[in-house]
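Quick notes on the structure that follows.
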Amino acid sequence: MDGIHDMGGMEGFGRVQPELNEPTFHADWERRVLAIVNGVLTLTGVNIDEFRHAIERIPPARYLTSSYYERWLLAAETLLVERGIITGEELKSLAQPEQISVALPAISPKAAPAKARLRARFKVGDLVKVRSIHPLGHTRSPRYVRGKTGVVRRDHGTYVFPDTNAHRAGENRQHVYSVEFSARELWGRNDRERLMIDLWEDYLEGVGPSDAVNRKRNSAAARRKRRAKTTRTALSPRGRGNRKQSRSRSRVSPKPRD
């Protein structure tokens, strides 16, 4: 789903400050949250994609002010309430009301379980375009690559499709590809850098030969080349002579008088 959690490619959050020798847990309560979440998943029968969707439904302001394991705890609370194991009132009695995440109900799209797709639709070297989708439910297609074109570099094999699995609409196993994008394609700068993103087959569509030709013709490099050629032609003596000749031919000579 589109939301604050999909932060890839977003700007305005400051520099990323890596933590050297970062520990697995910064506090003992984080260790306990990991155990609690594993217990909740076992108790409720929730799969990993449903759990991720619960994290996505944390209100934006609460999401941005929460740490990694705080989001895990909020998602676990949401799932316990949705599965009827505890009530919202019981949850409020155990924690401060202002700390409770009021998550939106999960979206349950109507989709029939599909058979596993064993045959790959794309192969290494294929030019593909990421579909411009904006689902109300869970998705693993990043917003900043939607509508962008890249090249398939690797086929990882078949995996469960998160978009349907998160809503109990079937595993819909399909091929996952590592697709290479240029930084210029994604952000319009620095064509030398490349980004590899793993994408499920349903996120992609093929780019035909005519699309590839038009794309190359309309690329920034092609436009610069055409502008440079036009400038050289205009500045060359032959170019100026041709323009004068063209203008002289375009003049209408007066008709002879009788």
Side-chain angles (χ1 to χ4, degrees), residues 1-11 16 47-53 55-56 107 109-226:
M1 61 186 291
D2 293 338
I4 192 62
H5 68 281
D6 190 1
M7 302 178 72
M10 293 178 64
E11 298 182 349
V16 176
N47 63 54
I48 187 63
D49 295 309
E50 290 178 278
F51 177 67
R52 285 175 175 148
H53 186 46
I55 294 176
E56 293 168 354
I107 302 296
K110 296 179 180 179
K115 293 183 179 179
R117 237 176 268 160
L118 301 180
R119 179 177 295 180
R121 185 181 301 169
F122 306 106
K123 64 181 184 300
V124 173
D126 280 355
L127 198 63
V128 292
K129 183 177 180 180
V130 183
R131 296 172 56 210
S132 294
I133 57 173
H134 299 280
L136 296 176
H138 178 66
T139 186
R140 300 280 285 176
S141 177
R143 277 178 300 185
Y144 71 100
V145 301
R146 297 176 197 170
K148 306 299 183 179
T149 301
V151 180
V152 174
R153 293 303 184 196
R154 185 177 180 183
D155 182 347
H156 293 295
T158 57
Y159 289 85
V160 172
F161 188 46
D163 299 41
T164 54
N165 195 47
H167 304 287
R168 297 296 177 98
E171 291 188 345
N172 194 13
R173 291 178 178 271
Q174 55 189 261
H175 285 258
V176 176
Y177 306 92
S178 183
V179 182
E180 179 187 272
F181 299 88
S182 69
R184 185 176 297 279
E185 170 70 8
L186 297 178
W187 298 294
R189 61 176 183 265
N190 199 347
D191 196 32
R192 293 174 296 177
E193 295 182 357
R194 295 289 187 270
L195 187 66
M196 306 288 286
I197 301 179
D198 291 339
L199 296 164
W200 273 258
E201 198 167 77
D202 274 0
Y203 299 153
L204 305 172
E205 57 188 13
V207 177
S210 58
D211 297 324
V213 171
N214 290 333
R215 176 179 172 76
K216 186 175 181 180
R217 185 180 299 160
N218 295 324
S219 66
R223 291 196 298 271
R224 288 196 299 271
K225 188 175 181 180
R226 286 197 296 270

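Along the sequence shown, residues are numbered consecutively beginning with 1.
Distance check: Leu195 CG to Tyr144 OH gives 5.0 Å after rounding to the nearest 0.5 Å. We find the NE2-CH2 distance between His156 and Trp200 to be 9.5 Å, quoted to the nearest 0.5 Å. The NZ atom of Lys148 sits 5.5 Å away from atom CD of Glu185, with the distance rounded to the nearest 0.5 Å.
Listed by chain and number, the residues in a side chain to side chain donor-acceptor pair (under 3.5 Å) with Asp155 are His175 (sequence neighbours excluded). In this structure, the ring pair (Phe, Tyr, Trp, His ring centres under 6.0 Å) partners of Phe51, at least two apart in sequence or on a different chain, are Trp72.
When every heavy atom of Asn172 is checked against every heavy atom of Phe161, the shortest pair comes out as O-CB, 3.2 Å.
With Tyr177 contributing its side chain and Phe122 its backbone, the two residues share a donor-acceptor pair below 3.5 Å. In terms of modelled atom types and a separation under 3.5 Å, the side chain of Arg131 and the main chain of Asp202 share a donor-acceptor contact. A donor-acceptor pair is defined here as one N or O able to donate and one able to accept, closer than 3.5 Å; such a pair exists between the side chain of Asn47 and the backbone of Asn165. Between the side chain of Tyr203 and the main chain of Arg140, a donor-acceptor pair closer than 3.5 Å is present. Within the 3.5 Å criterion, the main-chain N or O of Ile133 finds a donor-acceptor partner in the side chain of Arg146. Not one N or O on the side chain of Thr158 forms a donor-acceptor pair closer than 3.5 Å with the backbone of Arg173. Of the possible donor and acceptor atoms, one in the side chain of His167 sits under 3.5 Å from a partner among the backbone N and O of His138. Distance alone, capped at 3.5 Å, is enough to place a donor-acceptor pair between the Arg143 side chain and the Asp6 backbone.
No donor-acceptor contact under 3.5 angstrom links the side chains of Glu50 and His53, judged on distance only.
Checked for salt-bridge contact, Glu180 and Arg194 meet the test: a charged N lies under 4.0 Å from a carboxylate O.
When side chains are defined from C-beta on, Val179 does not count as touching Ile197, because their heavy atoms never get closer than 4.5 Å. Contact annotation: the side chain of Leu199 approaches that of Pro142 to within less than 4.5 Å [non-hydrogen atoms, C-beta and beyond]. Counting only heavy atoms from C-beta outward, the side chains of Val130 and Leu204 approach each other to under 4.5 Å.
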